[in-house]
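Since this is a predicted model, take the numbers as computed values, not measurements. So you know, we letter chains A, B, ... as the sequences are listed, proteins then strands, and number each from 1.
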There are 2 protein chains.
Amino acid sequence: MDDALALSALVLALSGQLVQEIHTQVSRQGFEGLRPVHGFAFARIAAGDTTTADLAEHLGVTKQAAAQLVGELAGKGYVVRRPHPHDARARLLELTETGRAATRAADRAARAAVAPWRAELGEARFAELVADLARIAPRGPIRPGW
Amino acid sequence: MDDALALSALVLALSGQLVQEIHTQVSRQGFEGLRPVHGFAFARIAAGDTTTADLAEHLGVTKQAAAQLVGELAGKGYVVRRPHPHDARARLLELTETGRAATRAADRAARAAVAPWRAELGEARFAELVADLARIAPRGPIRPGW
DNA sequence: TCTAAATGGACAAGTAGCTTGTCCATCTGG
DNA sequence: CCAGATGGACAAGCTACTTGTCCATTTAGA
């Protein structure tokens, strides 16, 4: 019965640890000035066909906040804004090679953070865990921050 | 192989959903002006024997930020600062009845948020999930925010 | 026991990442 | 063809943090 309460605490603790470890590792690999929220932005931009307004919705922030974030990332050379082929108002976002490198670093960090979990649980239960979580995870926009 | 990457994304998505649902429910039950970080503070204070400095460490923020948070909670009637029995500098934090009521509301919200997961997975796998997460969850201070 | 360093806490000022509000250019649908 | 919706920018303001400083009290070392 109290499993329910325990589970929510566990999920929150794990996600806090994950975020912190990934952020630490990425910083350490020379990608400074990046915050965790940028990872979610990179993921969306890497998916392709992303405008600032799309990004805002995906991140759950205002267009202005997203525009500021994009400006920051552009200034640091992680992102470029290209003209949109079908809409003169919009700008298509693209990752630069530096941006892709940062994404790869984050991926590696995520794998490294998860590796001890796999070791602790063993392959079989680890796979089950991933499958179970996949069944209950929500779709829709990411809501970074709390 | 890519399970590792998927898992971290899943955990982050779940925790984002949890935080948001709990926060929404608690607000809706009349506890306004509370932010998710306050839940972590309440949990620590409820555990007893907590000073502002303890809280700061637990939340991973500066003493000043914790003091401000406590001042806010005290102003809203969720927390009282009592003299510390053995240290004239320190103040012991305690939840008021209102604070405990807010905590109970958050607990209920957490259970409600988790309930569909239990339904989706079934009792057996749900119990396994909780057990597995308990094995891999970190100890130590909570780091709210990302 | 005396004193230097550490600790709990408060006050002040500054900062970063968001918000709301407003505006313009462009696209879309009746 | 025009009214409303949409992508984006500029400006101002808010808020939850930060660093810096200070004081009272406790702790530890000589």
Side-chain angles (χ1 to χ4, degrees), chain A residues 16 19-20 23 27 32-42 44-45 48-76 78-94 141-146, chain B residues 16 19-20 23 27 32-42 44-45 48-76 78-94 141-146:
Chain A
V19 165
Q20 190 168 338
H23 181 241
S27 290
E32 297 183 24
L34 286 181
R35 283 168 293 114
V37 63
H38 294 139
F40 295 98
F42 281 22
R44 182 67 174 85
I45 295 170
D49 214 45
T50 305
T51 65
T52 297
D54 293 335
L55 198 55
E57 191 189 350
H58 183 246
L59 297 178
V61 299
T62 58
K63 285 189 302 176
Q64 292 86 332
Q68 180 176 314
L69 189 150
V70 168
E72 222 182 297
L73 291 178
K76 290 176 177 164
Y78 292 111
V79 163
V80 287
R81 282 170 284 204
R82 303 200 174 288
H84 192 290
H86 306 316
D87 189 334
R89 295 168 306 173
R91 316 265 254 145
L92 263 189
L93 303 178
E94 268 183 34
I142 292 287
R143 302 270 155 192
W146 57 40
Chain B
V19 165
Q20 190 169 338
H23 182 242
S27 290
E32 297 183 25
L34 287 180
R35 282 168 292 115
V37 64
H38 294 140
F40 295 99
F42 280 21
R44 182 68 173 84
I45 296 170
D49 214 45
T50 305
T51 66
T52 298
D54 293 335
L55 197 55
E57 192 190 349
H58 182 247
L59 297 179
V61 298
T62 58
K63 284 189 303 176
Q64 291 86 332
Q68 179 176 315
L69 188 149
V70 168
E72 221 180 300
L73 290 179
K76 290 176 177 165
Y78 292 112
V79 164
V80 287
R81 282 169 284 204
R82 303 200 174 288
H84 192 289
H86 306 317
D87 189 335
R89 296 168 305 175
R91 317 264 255 147
L92 264 190
L93 303 178
E94 268 182 35
I142 293 286
R143 303 271 155 194
W146 58 37

Engineer: What closest approach, in Å, do A:K76 and A:G33 show between heavy atoms, and which atom pair accounts for it?
Structural biologist: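 What the structure gives for the nearest pair is NZ-O, 3.1 Å.
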Engineer: What is the distance, to the nearest angstrom, from the CG atom on A:L59 to the P atom on C:dG17?
Structural biologist: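 My rounded result for the distance is 14 Å.
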Engineer: List the protein contact pattern of nucleotides 8-14 of chain C with one symbol per nucleotide (5' to 3'): B for base contact, S for sugar-phosphate-only contact, - for none; contact means a heavy-atom distance under 4.0 Å.
Structural biologist: BBBB---
Engineer: Find the distance between CG (A:D54) and CG (A:L93) and round it off to the nearest 0.5 Å.
Structural biologist: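 So the gap between those two atoms works out to 8.0 Å.
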Engineer: Could you tell me the separation between the OG1 atom of A:T51 and the CZ atom of A:R91, rounded to the nearest 0.5 Å?
Structural biologist: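 These two atoms lie 12.0 Å from each other.
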Engineer: Find the distance A:E57:CD to D:dG7:C1' and express it as a whole number of Å.
Structural biologist: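 After rounding, the gap between these two atoms is 13 Å.
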Engineer: Let me confirm one number: the CZ-CG distance from B:R44 to B:D49, rounded to the nearest 0.5 Å.
Structural biologist: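 If I round to the nearest 0.5 Å, the distance is 8.0 Å.
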Engineer: Relative to the 5' end of DNA chain C, which residue comes earlier, A:L69 or A:A88, by the nucleotide with the nearest heavy atom?
Structural biologist: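 Result: A:L69.
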Engineer: Say you draw a straight line from CZ of A:R35 to NE2 of A:H38; how long is it, rounded to the nearest 0.5 Å?
Structural biologist: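 Here the interatomic distance stands at 4.0 Å.
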Engineer: Can you measure A:H84 atom NE2 to C:dA25 atom C1' for me and round it to whole angstrom units?
Structural biologist: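 Nearest whole value for this atom pair: 16 Å.
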Engineer: How long is the straight-line distance from CG of A:L73 back to CG of A:L34, given to the nearest 0.5 Å?
Structural biologist: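 Here the interatomic distance stands at 7.0 Å.
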